[in-house]
**Student:** 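Have a look at this one.
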Amino acid sequence: MERLRVEGFRKKFHDTEVLKGVDFCLPKGEILAIIGASGSGKTTLLRCLNFLETPDAGKIYLDGELLADASAHYKERELREKRKKFGLVFQSFNLFPHYRAEKNVSLAAELMAKEEAKDFRRNLKRELLSQKVPRARTTARAEAKAFLKKRLEDIRLRAGELLCKVGLSEKKDSYPYELSGGQQQRVAIARALMLDPEVLCFDEPTSALDPELTDEVLRAIRSLKGRTMIVVTHEMAFAREVADKVIFMADGVIEEQGTPEEVFGDPKSEKTRAFLRRRGEQ
Amino acid sequence: MTDFASVTLELLKGFGVTCYIFFITLALSLPAGLILAFGSMSRFTPLRTVVRTIVWVIRGTPLMLQIIAVFYGPYLLFGITGFDRVPSVIAAFVINYACYFSEIYRGGIESIPKGQFEAGQVLGMTKTQIFFRVIFLQLLRRIVPPMSNEIITLVKDTSLARVISIVEIIMVAQNFARAGLIWPLFYTGVFYLLFVGILTLLFRFLERKMSFIKV
Ligand SMILES: Nc1ncnc2c1ncn2[C@@H]1O[C@H](COP(=O)(O)OP(=O)(O)OP(=O)(O)O)[C@@H](O)[C@H]1O
Ligand SMILES: [Mg+2]
């Protein structure tokens, strides 16, 4: 089944066209690796998917349904709902420096739970008032409080599980500055997983790391196999090994796409061949 | 009326006025400065231009002039009278300090890496949540040192209130001086020093409390 389809993505910064019509699709549970030279538009593509940039043209379909169309104008609230379908792990981690690892993972979910509890209380109060139940306000407040407490407990538990999954259960009370780059990036991965996005994107997750730390992060990503993921990477060996599908980008277009065997083993395009030769892959 | 105890008592009364002006100004200008800071960073050009012009005018003219302008301006321009002296001096101080604070806030917000805002956005947080949950503490950590400088300056700037005849501590001492008693004027320094000393300790405590935020 097809999870993601991107159609006709175009993006201009001032006068330079960074994406010149990008189309691709990604089946559910598959891993897409995007490779390409610096400046070819890989980061811009991920940022458009996560609604950090608005493309000038293009459509995103999720599970066959239109999620976003660049020509439509979305309200902040709608945009936030759409954003939640995608997760993004940044090159530079971007952890929140004033929260411990666990709080970094749980924060967004906690804020959402609080909003939900507020709605829950409002609706319950309205319902109780309409049924003329005595002490409606107090009851609604107490119920909402219990609801929130349960939710927050679940969230803490889940955050702990996710940290455990990326091998950091011992570090849940550490601040980001107390962690190595590799550990920080794994916290960032757990944070992105917390909201259980339909498509999880990684923008060169290991390129800010010392070589000896890249393995632990790649291992964490590998352990997520089964999720629909897009990984922009300079690690050709990793792309070759874990990806179900590889896209080679050059100058804002998809120059070549296919299985790792096709793209790495028998590239059709001269540009792909040149790129891989420079990387020592051919 | 010229012994140490009664002079101290008189000066304390004046210092009460000083503290009153100080605390009210602080309580109002800290949030007002934040609002101005958002205005000066707004993507809506007219608003941004207006706010930046106000900040330029206020930072570019002497505070003493502003105090006089706020107090006499309504009368000179519209013939309105009857404003009390203390509220109008506080208004002048709030306007002045909000502008200085706004620049500190703006510098602080702009120094926070864009990735912090984006990480919040990607996690589906609202703008308000991002500001208060992600940005605010990091901002506070960065602005406490420059803010404490301004706040300490405010303690001493309150003495300008005497240009519209508000009887704060320096004014009290000057009245003694006019009657031939000079030493109370120097004695006022002790009050300021003690007050600023306490503030300094407080700011140092705040800085230490927040030193866990590595920026
Ligand atoms: N906000 C922006 N304003 C102007 N130009 C931009 C902006 N963001 C990206 N660009 C330009 O768009 C082009 C593509 O950038 P992008 O970051 O998407 O490339 P990339 O493939 O991720 O490169 P790298 O491998 O170096 O990360 C670059 O030429 C860059 O200078
Ligand atoms: Mg990039």
Side-chain angles (χ1 to χ4, degrees), chain A residues 43 46-47 49-53 75-100 103-112 114-115 173-179 184 187-188 190-197 199-203 208, chain B residues 30 34-35 37-39 41-45 47-48 104-105 107-148 203-215:
Chain A
T43 296
L46 288 193
R47 289 174 60 84
L49 281 177
N50 282 275
F51 300 89
L52 291 175
E53 308 282 357
K75 290 199 212 60
E76 180 66 25
R77 202 190 168 84
E78 294 172 301
L79 221 51
R80 257 190 311 126
E81 284 310 309
K82 295 179 194 297
R83 254 190 205 120
K84 285 185 210 161
K85 309 277 186 195
F86 292 86
L88 178 61
V89 173
F90 298 86
Q91 192 171 351
S92 50
F93 331 138
N94 295 343
L95 290 183
F96 305 133
H98 52 307
Y99 291 129
R100 297 171 197 274
K103 186 77 170 180
N104 260 280
V105 176
S106 63
L107 180 67
E110 286 175 8
L111 294 175
M112 278 173 211
K114 281 179 190 160
E115 302 270 295
D173 290 325
S174 304
Y175 285 103
Y177 75 89
E178 298 170 321
L179 301 173
Q184 289 189 47
V187 174
R191 179 174 73 173
L193 287 170
M194 186 74 208
L195 299 181
D196 198 19
V199 181
L200 182 54
C201 306
F202 297 81
D203 189 9
Chain B
L30 283 174
L34 190 57
I35 294 168
F38 286 128
M41 290 184 295
S42 165
R43 256 178 295 175
F44 182 56
T45 313
L47 176 64
R48 196 176 59 233
I104 296 177
Y105 284 124
I109 292 172
E110 285 174 354
S111 77
I112 289 169
K114 234 175 96 216
Q116 290 291 309
F117 295 87
E118 292 181 347
Q121 277 180 307
V122 167
L123 292 168
M125 295 186 200
T126 65
K127 284 192 176 138
T128 326
Q129 289 171 340
I130 293 174
F131 183 77
F132 285 107
R133 299 309 187 105
V134 176
I135 304 303
F136 192 70
L137 264 189
Q138 301 185 55
L139 177 65
L140 216 55
R141 162 96 165 89
R142 279 162 211 237
I143 65 177
V144 166
M147 278 291 191
S148 52
F203 290 131
R204 206 170 293 157
F205 171 77
L206 262 180
E207 274 183 55
R208 236 196 348 261
K209 269 269 153 194
M210 288 194 295
S211 62
F212 77 96
I213 305 171
K214 296 285 183 279
V215 288

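Here is how names work: the chains are called A, B, and so on, in the same order as the sequence lines, proteins then strands, and each is numbered from 1.
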**Student:** Find the one option among B:Gly115, B:Gly120, B:Pro113 whose heavy-atom pairs under 4.5 Å with chain A are most numerous.
**Tutor:** B:Gly115

**Student:** How many angstroms lie between atom CZ of A:Phe96 and atom CG of B:Leu137, to the nearest 0.5 angstrom?
**Tutor:** 12.5 Å

**Student:** Please look at A:Glu115 and chain B and tell me whether the side chain, the backbone, both or neither of the residue comes under 4.5 angstrom of a heavy atom of that chain.
**Tutor:** side chain

**Student:** Side-chain contact test, heavy atoms from C-beta onward, threshold under 4.5 Å: evaluate it for A:Leu79 versus B:Gln121 and give yes or no.
**Tutor:** no

**Student:** Please give me the minimum heavy-atom distance between A:Tyr177 and B:Phe212, naming the atom from each residue.
**Tutor:** CE2-O, 3.3 Å

**Student:** Where do B:Gly124 and A:Arg80 come nearest, in terms of heavy atoms and distance?
**Tutor:** O-CD, 3.2 Å

**Student:** Between A:Leu195 and chain B, with a heavy-atom cut-off of 4.5 Å, which part of the residue counts as in contact: side chain, backbone, both or neither?
**Tutor:** side chain

**Student:** Let me know if A:Lys114 has heavy atoms under 4.5 Å from chain B in its side chain, its backbone, both or neither.
**Tutor:** side chain

**Student:** Does any heavy atom of chain B fall under 4.5 Å from the side chain of A:Arg47, the backbone, both, or neither of them?
**Tutor:** side chain

**Student:** Does any backbone or side-chain atom of A:Phe86 lie under 4.5 Å from a heavy atom of chain B? Answer side chain, backbone, both or neither.
**Tutor:** backbone

**Student:** Among the options A:Leu111, A:Leu52, A:Leu88, pick out the one with the most heavy-atom pairs lying under 4.5 Å from chain B.
**Tutor:** A:Leu111

**Student:** Of all the heavy-atom pairs spanning A:Leu107 and B:Met125, show the shortest one and how long it is.
**Tutor:** CD2-CE, 3.5 Å

**Student:** Side chain, backbone, both or neither: which part of A:Glu76 has a non-hydrogen atom closer than 4.5 Å to chain B?
**Tutor:** side chain

**Student:** State whether the side chain of A:His98 and the backbone N or O of B:Arg133 hold a donor-acceptor pair below 3.5 Å, judged by distance alone.
**Tutor:** yes

**Student:** Under a 4.5 Å heavy-atom cutoff, which of A:Val89, A:Leu95, A:Asn50 has the most pairs with chain B?
**Tutor:** A:Leu95

